[in-house]
Participant: 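One structure, pasted below without further comment.
Lettering of chains follows the sequences in order, A, B, ..., and the numbering in each one begins at 1. Keep in mind that what you see is a predicted model, and the values were worked out from it rather than measured.
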Amino acid sequence: MSEERSLNFLEQIVEDDIANGVNGGRVLTRFPPEPNGYLHIGHAKSICLNFGLAQKYNGQTNLRFDDTNPVTEDTEYVDSIKADIQWLGFQWATERYASDYFEQLYNFAADLIKKGLAYVDDSTPAEIAALKGTPTEPGKDSPFRSRSVEENLQLFADMRAGKYPDGAKVLRAKIDMAAPNMHLRDPLMYRIKHARHHRTGDAWCIYPMYDFAHGQSDSIEHITHSICTLEFVPHRPLYDWFIEKLDIFPSHQYEFARLSLNYTVMSKRKLLQLVNEGHVSGWDDPRMPTLSGYRRRGYTPSSIRTFAERIGVQKRDNLIDVGLLEFCIREELNKTANRVMAVLDPVKLVITNYPEGLVEELDADNNPEDEAAGHRQVTFSNTLYIERDDFMEDPPKKFFRLGPGLAVRLKYAYIVKCDSFEKDADGNVSTIYCSYLPESRSGSDKSGLTVKGTIHWVSAAHAAQAEIRVYDRLFSVENPASEEGDFKSFINPHSLKVIPNAMVEPALLEAKPGDRFQFLRLGYFCADPDSTPGKPVFNRTVTLKDTWAKEAKKA
RNA sequence: UGCCCCAUAGUAUAAUGGUAGUACGACAGAUUUUGGUUCUGUUUGUCUUGGUUCGAAUCCAGGUGGGGCAACCA
C-alpha cells in the first residue's frame, strides 16, 4: 500500500473543480512572464506549480509573455526565458504573447465604452493621483468621467490613431471612485506610449495596462486556473469585474506566496542592478539566484524541481533556508557525480622511503554509490601534493589528519606517517616528509593498522593545473531586502574566491563545460564555459557536508 | 485610520472536527579507505482570549502579530 501524499491547496482546488465538473474537468494553466529580465528560482517555483498541476491532472500549460510595456521588454529576454523553461524540463502547449491580442483587447475596450463602463480621461498623472483618494479617504470623480459614449469612442479611436502625445489621455474603467479597494477606483486600462514594441513594432501607440491584459488574455485562451503571486490578491475583484462586464470565458485567479530564499534577493529590479552595476559578471553569474546562474554553478534541473516540490506552497509569506536547496543538489550529485581528486591549496608531501622514480597506477572507484560508474587508474609517486588544511603543526586531539608523528591513509593508496616537515622563509609549511607502509596498499592491506583519517592527494609530477572558482553566499545577511538602507551594502565581499592554480587529476583536462564532479572531500564542482584546452575552470556548486569544520568552529 | 491576505518545532510543510506527523537543520551514537554517504536515537510546535462541540490546529467571535494595496510597472 503506497501512502497517499496530501494535496496542496491548489491541487485541492483543482480536484474540487474536477469533481464538480467545472470546465468539464479540463485543466489549462499558463506561465506568464514579462520579458524584461531573466528567470530566477522564484519563477522556477511558479513554473513547477503551473506545469506540475497541469501534468498531474492531464492538462496543459501555455507560455504567455505579458508584453504590454514596450519600454522595458526585449527579445533577448524572450529567448532566455524559453531556454530556461525547457532546461528546467517543461514544454508548453502553445507559445503566446499578450501582444497577439492587442486588436481583440482594443475591441474589448470599445465594448466597455459602449456599455458606459469606460471613459477617456484627459487628466494628468498628478491629477489622477490626487483624485484617487487614499486608502482611508474615498476618491473623487474625474471631470471627464461623464463624457458621452460617442465622444469616448471617438477619443479612444483618436488615441489609437496617434493624435495625442504620450500621457495626454488614458482610458479608464468606470467603476467606483469610493471603492474601499483602491484597484476599483476607476483603474487605467490604456495609456499612450509612442514606443516600438519588440513584436508589434510601430503598429500601436496605445498599450493596455496589466489589469486590462492579463485576465482578458487568460479568458481568450480559456485558461481554467490562473495562478499568480499574493500581491495580485487585491486585483482579483477587478480581474473578475472585467470578465463579467465583457461576458467572456470565466478564468479564475488563485494566489500563492512567492518564494524567498535567504542570503539573496529575488526582485528582478534588484538583480538587474547587480548586473548593471557590475557587482556580478552577468545574469548567469554563478552567485545569482537566476536559473542561468544556477545552471552555470552546476545545479541540475531535477534538483531544482525537487526543491520546488519540497518547499511546498501556501499563502503565507516565507523565507526558505538556502540549505534546503543545497541539500537537494548534494542528494542528487552524491548518486551521480564521479569522484576525482583535486588539491585546492597544495603543499608538497615527500615519501622518503618510496623508491625515487617509481610510479604506480592505483585502482580507484569512480563512485562508491554507483558500481556501474566503474573504475579508473590514478598515478602515484614519491612526491605528492596534499591539501594544506590536512596538516597541522600542532594538531588538537580530534584532528584525524597529518601532523608530526600522525598517520593517515592516502586515498586509494598507502598509509603514511609524518616524520618531519620544513617551513619556508615566511614560516609557511613548505614540505612534509613521510614514510609509507608498503604492505598497507589499498585493496591488499596486510599492515594490520587502522588509521582514523583518509586524505586526498595528487602526484606532483603528473597533476594538471586548473582554475577553481569558489563561491559563497552573495549577501552576508539573511534577508537583504528587509534591511534598512541600500541592499547592495550587504553584499558579501568574499562571495567569490578564485584559485588560479589548483592541482588536479590529469583526467580533468578532458572535462567539458557542464560536466559535474565530486572533488573528494571538498564538494561538487562543475566545468565552466570559460575553460580552455590546457586550463580547465571549475565552479564549486556546493561543498560537502563538513562536520569537522563545525567541530573546529566550536573550539 | 479603510479594504484585503496570513498565523502549526529554528525553517518549510501535513493533519480536510477524532493519537499533532514529515522534510531540512541541530544534538548524540553506529558504520565508513571521503570528518562524505548510510543507519539509529534525541530535541523543539498549534499567536492569544472566549465560544460552539462528547471532542477544536481545524468551525465562530474578539484581540495580538506579520504582510499587501493609493506606478500611465507587471
Participant: For the pair made of CG in Leu406(A) and C1' in G35(B), what is the distance, rounded to whole Å?
Facilitator: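 Whole-Å distance recorded here is 15 Å.
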Participant: Between A57(B) and G17(B), how far apart are the two P atoms, rounded to whole Å?
Facilitator: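 Straight-line distance between the two P atoms is 13 Å.
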Participant: Which residue lies toward the 5' end of RNA chain B, Ala129(A) or Asn181(A), if each is placed at its nearest nucleotide?
Facilitator: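 Whichever sits nearer the 5' end wins; that is Asn181(A).
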Participant: Any side-chain N or O of Arg191(A) less than 4.0 Å from the OP1 or OP2 oxygen of C73(B)?
Facilitator: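 For C73(B), OP1 or OP2 has a side-chain N or O of Arg191(A) closer than 4.0 Å.
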Participant: May I ask you to decide whether Lys169(A) forms a salt bridge with Asp158(A), counting only side-chain N to carboxylate O separations under 4.0 Å?
Facilitator: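 Looking at Asp158(A) together with Lys169(A), the answer is no, because their closest N to O distance does not fall below 4.0 Å.
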Participant: Determine which nucleotide pairs with G63(B), using a 3.5 Å limit on both distances of a Watson-Crick or G-U wobble pair.
Facilitator: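 Across all strands, the one nucleotide that pairs with G63(B) is C47(B).
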Participant: Does Lys268(A) place a side-chain N or O at less than 4.0 Å from the phosphate oxygens OP1/OP2 of C73(B)?
Facilitator: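 For C73(B), OP1/OP2 do not have a side-chain N/O of Lys268(A) under 4.0 Å.
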Participant: Expressed as a whole number of Å, how far does the P atom of U16(B) sit from that of C69(B)?
Facilitator: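 Each nucleotide's P atom is 34 Å from the other's.
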Participant: For U16(B), does the base pair up with any side-chain atom of Gln12(A) as donor and acceptor (N or O, under 3.5 Å, distance only)?
Facilitator: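 Looking at the base of U16(B), it does pair with a donor or acceptor on the side chain of Gln12(A) (distance under 3.5 Å).
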Participant: Taking atom C1' in both G21(B) and U43(B), compute the distance separating them and give it to the nearest angstrom.
Facilitator: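 It comes out at 16 Å once rounded to the nearest Å.
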Participant: Using atom CD1 of Ile415(A) as one end and atom P of U34(B) as the other, report the distance to the nearest whole Å.
Facilitator: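 Answer to the nearest Å: 12 Å.
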Participant: Give the rounded distance in Å between these two atoms: CG of Leu522(A) and C1' of U34(B).
Facilitator: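 Rounded to whole Å, this separation is 10 Å.
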Participant: Output yes when at least one side-chain N/O atom of Gln314(A) is less than 4.0 Å from OP1 or OP2 of U8(B), else no.
Facilitator: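 No, no such contact exists.
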Participant: Test for a donor-acceptor pair under 3.5 Å between the base of G35(B) and the side chain of Arg401(A), counting only N and O atoms.
Facilitator: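 Result: at least one qualifying N/O pair found.
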Participant: When both hydrogen-bonding distances must be under 3.5 Å and the geometry is Watson-Crick or G-U wobble, what is A74(B) paired with, if anything?
Facilitator: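 Base partner found: none.
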Participant: Choosing from G35(B), A74(B), C3(B), which nucleotide comes nearest the side chain of Pro180(A)?
Facilitator: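 So the nucleotide nearest the side chain must be C3(B).
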Participant: How far, in whole Å, is G51(B) from A12(B) if one measures between their C1' atoms?
Facilitator: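 The same atom, C1', in both gives a distance of 32 Å.
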Participant: Hey, which of Tyr254(A), Tyr239(A), Phe256(A), Tyr210(A) is the one that makes ring pair (Phe, Tyr, Trp, His ring centres under 6.0 Å) with Phe232(A)?
Facilitator: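 By the ring pair (Phe, Tyr, Trp, His ring centres under 6.0 Å) criterion, Phe232(A) pairs with just one of Tyr254(A), Tyr239(A), Phe256(A), Tyr210(A): Tyr210(A).
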Participant: I need the OH-P distance between Tyr207(A) and C72(B), as an integer number of Å.
Facilitator: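 Taking atom P of C72(B) as the reference, OH of Tyr207(A) is at 18 Å.
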Participant: Find out whether the Lys NZ or Arg CZ of Arg516(A) is both under 6.0 angstrom from the six-membered ring centre of Phe525(A) and within 45° of the ring's axis.
Facilitator: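 No, cation not above the ring by the 6.0 Å, 45° rule.
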Participant: If you assign each of Ala168(A) and Asn334(A) to its closest nucleotide in RNA chain B, which residue comes earlier from the 5' end?
Facilitator: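 Taking each residue's closest nucleotide, the earlier one in sequence belongs to Asn334(A).
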Participant: In whole Å, what is the span from the NZ atom of Lys315(A) to the P atom of C5(B)?
Facilitator: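 Rounded to the whole Å, the gap is 8 Å.
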Participant: Does U11(B) have its OP1 or OP2 closer than 4.0 Å to a side-chain nitrogen or oxygen of Arg310(A)?
Facilitator: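 So the side chain of Arg310(A) is outside the cut-off, no N or O lying under 4.0 Å from OP1 or OP2 of U11(B).
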Participant: Separation of Leu544(A) atom CG from U32(B) atom C1', in whole Å?
Facilitator: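 It works out to 14 Å between those atoms.
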Participant: What is the separation between atom CG on Asp67(A) and atom P on C73(B), rounded to the nearest whole Å?
Facilitator: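 Between P of C73(B) and CG of Asp67(A): 15 Å.
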Participant: Should Ser6(A) be listed as having a side-chain N or O under 4.0 Å from OP1 or OP2 of U13(B)?
Facilitator: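 For Ser6(A), the contact criterion (side-chain N or O under 4.0 Å from OP1 or OP2 of U13(B)) is not met.
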Participant: Going by side chain to side chain contact (heavy atoms under 4.5 Å, CB included), Trp457(A) matches just one of Val416(A), Val408(A), Leu384(A), Leu349(A). Which one?
Facilitator: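 With Trp457(A) as partner, Val416(A), Val408(A), Leu384(A), Leu349(A) yield a single side chain to side chain contact (heavy atoms under 4.5 Å, CB included), made by Leu384(A).
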Participant: With P as the reference atom in both, quote the distance from U22(B) to U40(B) in angstrom, rounded to an integer.
Facilitator: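 Those two atoms are separated by 12 Å.
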Participant: Quick check: closest heavy atoms across Asp121(A) and Ser142(A), and the distance to 0.1 Å?
Facilitator: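 The answer is OD2-OG, 2.9 Å.
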Participant: Would you say a side-chain N or O of Thr72(A) is under 4.0 Å from OP1 or OP2 of A74(B)?
Facilitator: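 Looking at the OP1 and OP2 atoms of A74(B), neither is under 4.0 Å from any side-chain N or O of Thr72(A).
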Participant: Is the aromatic ring of Tyr210(A) within stacking range of A74(B), meaning centres under 5.5 angstrom and planes under 30 degrees?
Facilitator: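 No, Tyr210(A) does not stack on the base of A74(B), since the centre distance and plane angle fail the 5.5 Å and 30° test.
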Participant: For Tyr77(A) together with Tyr38(A), are the ring centres under 6.0 Å from each other?
Facilitator: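 Yes - the distance between ring centres of Tyr38(A) and Tyr77(A) falls below the 6.0 Å cut-off.
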Participant: What I want to check is whether the side chains of Thr306(A) and Ser303(A) have a donor and an acceptor closer together than 3.5 Å.
Facilitator: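 Not at all, the side chains of Thr306(A) and Ser303(A) share no donor-acceptor pair under 3.5 Å.
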Participant: What is the distance, to the nearest angstrom, from the CG atom on Asn69(A) to the C1' atom on C73(B)?
Facilitator: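 So the CG-C1' distance, Asn69(A) to C73(B), works out to 6 Å.
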Participant: May I ask you to evaluate whether Arg339(A) reaches the phosphate of U37(B), defined as a side-chain N or O under 4.0 Å from OP1 or OP2?
Facilitator: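 The answer is no; no side-chain N or O of Arg339(A) sits under 4.0 Å from OP1 or OP2.
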Participant: With a 4.0 Å cut-off on heavy atoms, is Gly139(A) in touch with a base, just the backbone sugar-phosphate, or nothing at all?
Facilitator: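 Nothing, no nucleic acid heavy atom in range.
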Participant: Paired with C24(B): which nucleotide, if any, by Watson-Crick or G-U wobble criteria at under 3.5 Å for both distances?
Facilitator: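 Check on C24(B): paired to G10(B), both distances under 3.5 Å.
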Participant: Do Glu369(A) and G36(B) share a donor-acceptor pair, side chain to base, under 3.5 Å?
Facilitator: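 Between G36(B) and Glu369(A), which were checked side chain against base, a qualifying N/O pair under 3.5 Å is present.
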Participant: Kindly say if Lys550(A) contacts the phosphate of C27(B), meaning a side-chain N or O under 4.0 Å from OP1 or OP2.
Facilitator: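 Yes, such a contact exists.
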